[in-house]
Each structure stands twice: as structure tokens, then as C-alpha cells.
2 protein chains.
Amino acid sequence: MTKAHGFHQHDHAACISDALTTAEAYCAARKLQFTPVRRRTLEVLLAHHRTMGAYEVLGHLDASGFGAQPPVAYRALDFLVKHGFAHKVEAMNAYVACSHSGAQHVPAFLICRQCSTVQEAQIEPMQNGLGDAANDAGFAIERAVVEAQGLCPSCQQSAPE
Amino acid sequence: MTKAHGFHQHDHAACISDALTTAEAYCAARKLQFTPVRRRTLEVLLAHHRTMGAYEVLGHLDASGFGAQPPVAYRALDFLVKHGFAHKVEAMNAYVACSHSGAQHVPAFLICRQCSTVQEAQIEPMQNGLGDAANDAGFAIERAVVEAQGLCPSCQQSAPE
DNA sequence: GAATTATATGTAATGATATAACATATCAAG
DNA sequence: CTTGATATGTTATATCATTACATATAATTC
């Protein structure tokens, strides 16, 4: 089975199991607890393959027999984000599975304002002008949020305006 | 009187009145209504010179005799953001007056996680790696959010960890 | 300059996102 | 196997944001 990945097609089932395997290995190596809720949360994000609100994720966790209260979802999502298995798209207050599991990177997103599809890109941390500004100011960057909003290829055709 | 501007000092009173004058002229030229609420909202953001939540702004508007309900603040803030007089810092769900009034630019922010001071920098839209990724994907960027989180110079001293 | 339309404001109600606090359970280390 | 650290579940609440609709003001047209 294939499904849209960013704005392309790909083998969705393999991508899910690969990401889970990678996360499992990463956690095992660092003695992190890849618990059932956390695993299920990542599965949910991977399966949907788009940004999801915390409450939408929570609905799936509840349906899977986990707790039904917000902290259940927020804690699992925080764990995934902290360890790089997922990202928070700040401009949407939503979460998405990482497309480059395990790799250390500065995530950047191309967010379609029409269909809400999000493609994750990678950028060079210090090559974006921000690094220079930070150096000039003596600011120590710990984390960067880079998000572009606009129209994806298919929405440019359906709504070129 | 001087006050911190980003992580530097500057003439605060002049910076406020300059920004107001600029906004006034900009609106006059485009037949935009720079109404009392909108003007007051910009004044509040300029005076505080840091990010403010919509409800914090609303408190000041209420105290100034304007409405006390959320839409009063959100509508004024939306207007200011739409026309570039202020920006929304997505990672904080907060607003800040623009430091480069009138100029067309991609705003970038250095946000201190300790003291919440925000310095606005400018970056080149297409020089940050994101432009390449967008071109490759056929994605049409309309707006970009670039936000770095970390420690400002003074907080690096007080909490170097 | 009165009628008409568009834009802006005020308010009530509600929706959406997120966290604090605390009890219980499970895991990891000595 | 006990102790301390980590994770989960639940209640309650805090924070951020919008919808809907009434009223008021401004701009446009006749």
C-alpha cells in the first residue's frame, strides 16, 4: 500500500514499521522506556501521516484502552518530541511523526494552508542567517522552529490564487 | 529613557513614537483604518517591548476603556500582524511589536527561554535552505516562521547550564 | 446629504489547547 | 526486596482562540 508522504507517494506500511523499529532500538540503547502508550502514540502519528492535534491523538489512545485525559496524550507526545521521534508544528499547535527518525537535525516544515499536508525538510542549522544573528547577539540557540506556510503542488492547481 | 531592545539598550520613547508615526503613515497611504483600539494595541505592544499574550493585551485595552472580550484584542492583533506592525511568536502563542516597521521582511526571533525576552532578527527568505526544499517540492511559500529558542547573553551568565 | 454597503466594535457563549496537582502503579538500582 | 525514580491515570483548572450576532461607524453611491 502506498500513501502520500509529504507530496510524494511511498510504501506506508514499511515506513511505519521502520520508524517503530528505529525508535525501539534508539530507546533500548539509551535505556529510555518505550512504553505501550508511547509506542501507540507514535503508531497513531505514523499511520495518519499528517499533523494531528493532541486531542485527536488522545481519542485514539482512549479507544486503544489507555487513559482518556489530556495529560495522557501530552506526556506521550512530549516524550516523542523530546527524543526526536515526532515534532510539534508550532504554527498549527499540532504534532507529526518525524520523517527522518533518529537523525539529528533541525526540522523544517512546508505546511499547505489548503489541505494541511505537511512535508518535513531538513535544513542546515547555522546556514539560515539565524546563526549569524545569534552569534552577533551572543545568543545561544538550543532549538529552532522553521515553518513555511503556502500552497503545495496539488493545491496550486486546484486553487492557483 | 532607555530600555532593553532585544538584548541592547535604546531610546524607548522615540522608538514608540517612530513606530506609531510609521504605522499611521502606512495606513493613511493605503486607506486602512488605524482606529483607536488598533493604535492603542500597538502602543501597548511597543511600550512593553516584549511578547505579550492576547489576554494580557486585552487587560490593557479594557483598562483604556475599550471592550473587555477576547475578540477585541484578537481582532486588533490580527490587524497589526496582517499589516506587519506586529508579529505572532508561534512557539509562545504571543505577540510582539515589529522592530522593523514598514519594511518587508521575513521575521526571525531569538527567544530566551529564561527571561522570555525576544530579539527580532531579519533573514533572507530564500537563503535558509528552506527555499531550496520548497523549490524541490514545488511548494509555494507565502509566509515563514523562524524562531530560535535558547539563552540570551545575560541569562547565560545567571544560569549557564 | 440620504440611502446603501462595507468595515469595525462590543458582547455572550463556547470551543480548543495545555497544565497543575496528586494518587497509584511500575520500573531500576542497590 | 526495598527504595527511589519514572510513568500512568484522573480531577480540576488554566490558557488561548473563535463563532455568532447585535450595534456602530465609515465609505460609497445615487
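First the proteins, then the strands, lettered A, B, ... as listed; each starts at 1. Since we're looking at a predicted model, the values are computed, not measured.
Contact annotation: Thr35(A) does not reach the phosphate of dT26(C) (side-chain N/O to OP1 or OP2, under 4.0 Å). Contact check, Asn93(A) against dA18(C): a side-chain N or O comes under 4.0 Å of OP1 or OP2. Within the 4.0 Å cut-off from OP1 or OP2 of dA18(C), at least one side-chain nitrogen or oxygen of Lys88(A) is found.
The two residues Val37(B) and Ala76(B) come nearest to each other via the heavy atoms O-CB, 4.4 Å. Across Ile111(A) and Phe139(B), no two heavy atoms sit closer than the pair O-CZ, 3.2 Å.
Between Pro36(B) and Glu90(A), the residue whose closest nucleotide on DNA chain C is further toward the 5' end is Pro36(B).
Between His49(A) and His12(A), the ring-plane angle classifies as tilted under the 30° and 60° cut-offs. Classification of the Tyr26(A)-Phe85(A) ring pair by plane angle, with boundaries at 30° and 60°, yields perpendicular.
A straight line from CG of Leu32(A) to P of dA5(D) spans 18 Å, rounded to a whole angstrom. Across the protein-nucleic acid pair, Arg39(B) atom CZ and dA8(C) atom P stand 17 Å apart, rounded to whole Å. For the pair Leu77(A) CG and dT8(D) C1', the computed distance is 15 Å after rounding to whole Å. For the pair Tyr74(B) OH and dA12(C) C1', the interatomic distance rounds to 16 Å; values are reported in whole Å. Following rounding to the nearest Å, Lys82(B) (NZ) and dT7(C) (C1') show an atom-to-atom distance of 11 Å. Atom pair Met92(A):CE and dA17(D):P shows a separation of 15 Å (rounding to whole Å applied). A straight line from CZ of Phe34(B) to P of dT9(C) spans 11 Å, rounded to a whole angstrom. Between the CZ atom of Arg38(A) and the C1' atom of dT26(C) there is a distance of 12 Å, rounded to whole Å.
Remark: Arg50(A) engages Glu56(A) in a salt bridge, criterion side-chain N to carboxylate O under 4.0 Å. Salt bridge status for Glu147(B) with Arg143(A): absent, with no side-chain N to carboxylate O gap under 4.0 Å.
Looking at heavy-atom distances under 4.0 Å, Arg75(A) makes contact with a base.
Annotation: proximity of residues 54-72 of chain A to DNA chain C (heavy atom, distance under 4.0 Å) is found for Tyr55(A), Pro70(A), Pro71(A), numbered in ascending order.
For the pair Arg38(B) and Phe79(B), the cation-pi criterion (under 6.0 Å, within 45° of the ring axis) is fulfilled.
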